[in-house]
2 protein chains.
Amino acid sequence: MRARRANSREKILAAAADVAREAGPGSLSLEAVASRAGVSKGGLLYNFPTKAKLMQGLVESYLSDFQEALEARAAEAGHESALSAYIKLSADDCERPKPSASWMFSAIAEDPDFLTPIKAFKRQLLERLKGETDDLGSLLICFLAIEGLRSMNLFDSDVLSAEEHKLLVSSLLKIAG
Amino acid sequence: MRARRANSREKILAAAADVAREAGPGSLSLEAVASRAGVSKGGLLYNFPTKAKLMQGLVESYLSDFQEALEARAAEAGHESALSAYIKLSADDCERPKPSASWMFSAIAEDPDFLTPIKAFKRQLLERLKGETDDLGSLLICFLAIEGLRSMNLFDSDVLSAEEHKLLVSSLLKIAG
DNA sequence: TTGACAAGACCGTCCAGCCGGTACAGTAAG
DNA sequence: CTTACTGTACCGGCTGGACGGTCTTGTCAA
């Protein structure tokens, strides 16, 4: 059955993210991922013929998940601005203690170009937000601050306390209007 | 001679940063660094007995350079706030097209704990800034936005145009007061 | 002569990718 | 129903190469 098989891909992707998070981005080997996903190395290589393809799969699923979450946010409270939705979504994402995207470091080590789609996505997102915001300065500040938040989460940095996190988000939302 | 020796360490450190930037963080091998530094592998391992020591050296020199630059900034225009000095310094750092710190990705791959001193440094910096600023919300926004700027530079992201960069910095300086 | 330092051949380990299998579902001819 | 064939999904041992680190040998200043 097609459904059962396709499932395997997602399991592998999730396993890769888990391995990178728990064992460190430098330990993301095909064997580790396969073992974590409950699949043999051959099976892994069947689904992703090359490590590069696996990385690409991670990027794509990351991006589609992100977009989906963003649209869901924007839809559920359709009255707020897109910028506010983005801020809240990112704040929630970063509230989880888990970095959840350490695999990005593995991808960069493999080839920095793997992040190109992510950059493009962000550029596009900023462009969209520009169309809905009048004050460019405020928009840039919010966008960059969120970028900073995501960066700290990615690096598993605990520079900000929970209260500071909340204060930051509410300040950003105020600026976003 | 001590001068000759110490010189070699710096050359190696610089070479490591160059290799990571140009060949990608995944290609930072001892051989590549040695070759780039004009030193044999034996010579490299004499100065840094292990790859981990090399990474540690990179972190330490990065941190000391940063602190030095920060103090220089604060001294040369002693009247502005420490936050403004930090913003300007970071803006200048990030204006250079070169990422210049891609080695961080190699360090993370080697062992995520290598970044611990950097996190501690930032925590300490934020703490110092808190002591000199009255509005915590504004401080957090500026700090995080700068973090975002550094992150984009690190990832070699060109999401912001030069004008946007300038606008962002001036907006931040306005908030910083 | 000696000792700090550099050179590069060498070794053990790790890992991506390859390849020859296995299991099984569907299909179709007898 | 049965047997033979085909394609999909998956398995795991193997290998060739890269890389970190060691070791022996050389060099040069003091």
Side-chain angles (χ1 to χ4, degrees), chain A residues 1-20 22-59 102-103 105-114, chain B residues 1-20 22-59 102-103 105-114:
Chain A
M1 239 204 269
R2 188 131 277 288
R4 283 272 293 286
R5 309 306 164 91
N7 188 317
S8 195
R9 270 183 73 95
E10 289 167 26
K11 268 201 327 194
I12 289 171
L13 255 17
D18 288 348
V19 169
E22 288 166 20
S27 305
L28 197 145
S29 67
L30 295 188
E31 272 125 345
V33 172
S35 145
R36 175 75 182 227
V39 162
S40 79
K41 202 169 168 190
L44 168 56
L45 253 44
Y46 177 80
N47 286 279
F48 299 95
T50 205
K51 197 178 188 181
K53 293 282 185 187
L54 176 60
M55 298 304 183
Q56 191 183 328
L58 282 167
V59 170
S102 313
W103 55 263
F105 296 127
S106 318
I108 286 191
E110 185 77 11
D111 182 351
D113 288 343
F114 278 125
Chain B
M1 237 199 271
R2 190 122 283 282
R4 283 271 293 287
R5 312 305 166 88
N7 192 323
S8 196
R9 270 184 72 95
E10 288 167 26
K11 266 201 327 192
I12 290 171
L13 255 17
D18 287 349
V19 169
E22 288 167 19
S27 305
L28 198 145
S29 67
L30 296 187
E31 273 123 346
V33 173
S35 145
R36 175 77 182 226
V39 162
S40 79
K41 202 172 166 186
L44 169 56
L45 281 154
Y46 179 80
N47 286 280
F48 299 94
T50 205
K51 195 178 187 181
K53 294 282 185 189
L54 175 60
M55 297 304 182
Q56 192 183 329
L58 281 167
V59 171
S102 314
W103 56 263
F105 297 128
S106 319
I108 284 192
E110 184 77 12
D111 182 352
D113 288 344
F114 278 125

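Each chain gets a letter, A, B and so on, in the order the sequences are listed, and its residues count up from 1.
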Sugar-phosphate only, base, or nothing, as touched by Leu54(A) at under 4.0 Å among non-hydrogen atoms: nothing

side-chain N/O Ser8(A) vs dC10(D) OP1/OP2, d < 4.0 Å: yes

Length of the line joining Phe48(B):CZ and dA6(C):C1', which is rounded to integer Å: 15 Å

5′-ward residue of the pair Ser27(A)/Pro49(A) relative to DNA chain C: Ser27(A)

Rounded interatomic separation in angstrom, taking CG from Leu44(B) and P from dG20(D): 9 Å

Over all atoms of both residues, closest heavy-atom pair of Pro49(A) and Asn47(A): CD-O, 3.8 Å

Closest approach of Arg9(A) to Phe48(A) (non-hydrogen atoms, all atoms of both residues): NH2-CE2, 3.4 Å

Lys41(A) (side chain) and dA16(C) (base): donor-acceptor pair under 3.5 Å: yes

Heavy-atom closest contact (Ser102(B) atom, Ala20(B) atom, distance): CB-O, 3.7 Å

Residue-phosphate contact under 4.0 Å: Thr50(B) side-chain N/O, dG21(D) OP1/OP2: yes

Sugar-phosphate only, base, or nothing, as touched by Lys51(B) at under 4.0 Å among non-hydrogen atoms: sugar-phosphate

OP1 or OP2 of dA9(D) under 4.0 Å from side-chain N/O of Asn47(A): no

Nearest-angstrom distance from the residue atom CG of Leu28(A) to P of dC14(C): 17 Å

Between P of dG20(C) and CG of Leu45(A), the distance in whole Å: 15 Å

Gly26(B) or Tyr46(A), whichever maps to the more 5' nucleotide of DNA chain D: Tyr46(A)

Donor-acceptor list for residues 24-33 of chain B side chains, cut-off 3.5 Å, not counting sequence neighbours:
residue: Ser27(B); atom: OG; partner: Ala23(B); partner atom: O; Å: 3.1
residue: Ser29(B); atom: OG; partner: Ala32(B); partner atom: N; Å: 3.2
residue: Glu31(B); atom: OE2; partner: Lys41(B); partner atom: NZ; Å: 3.3

Residue closer to the 5' end of DNA chain D, Gly38(A) versus Glu31(A) (nearest nucleotide): Gly38(A)

Between dG21(D) (P) and Leu30(B) (CG): distance, integer Å: 6 Å

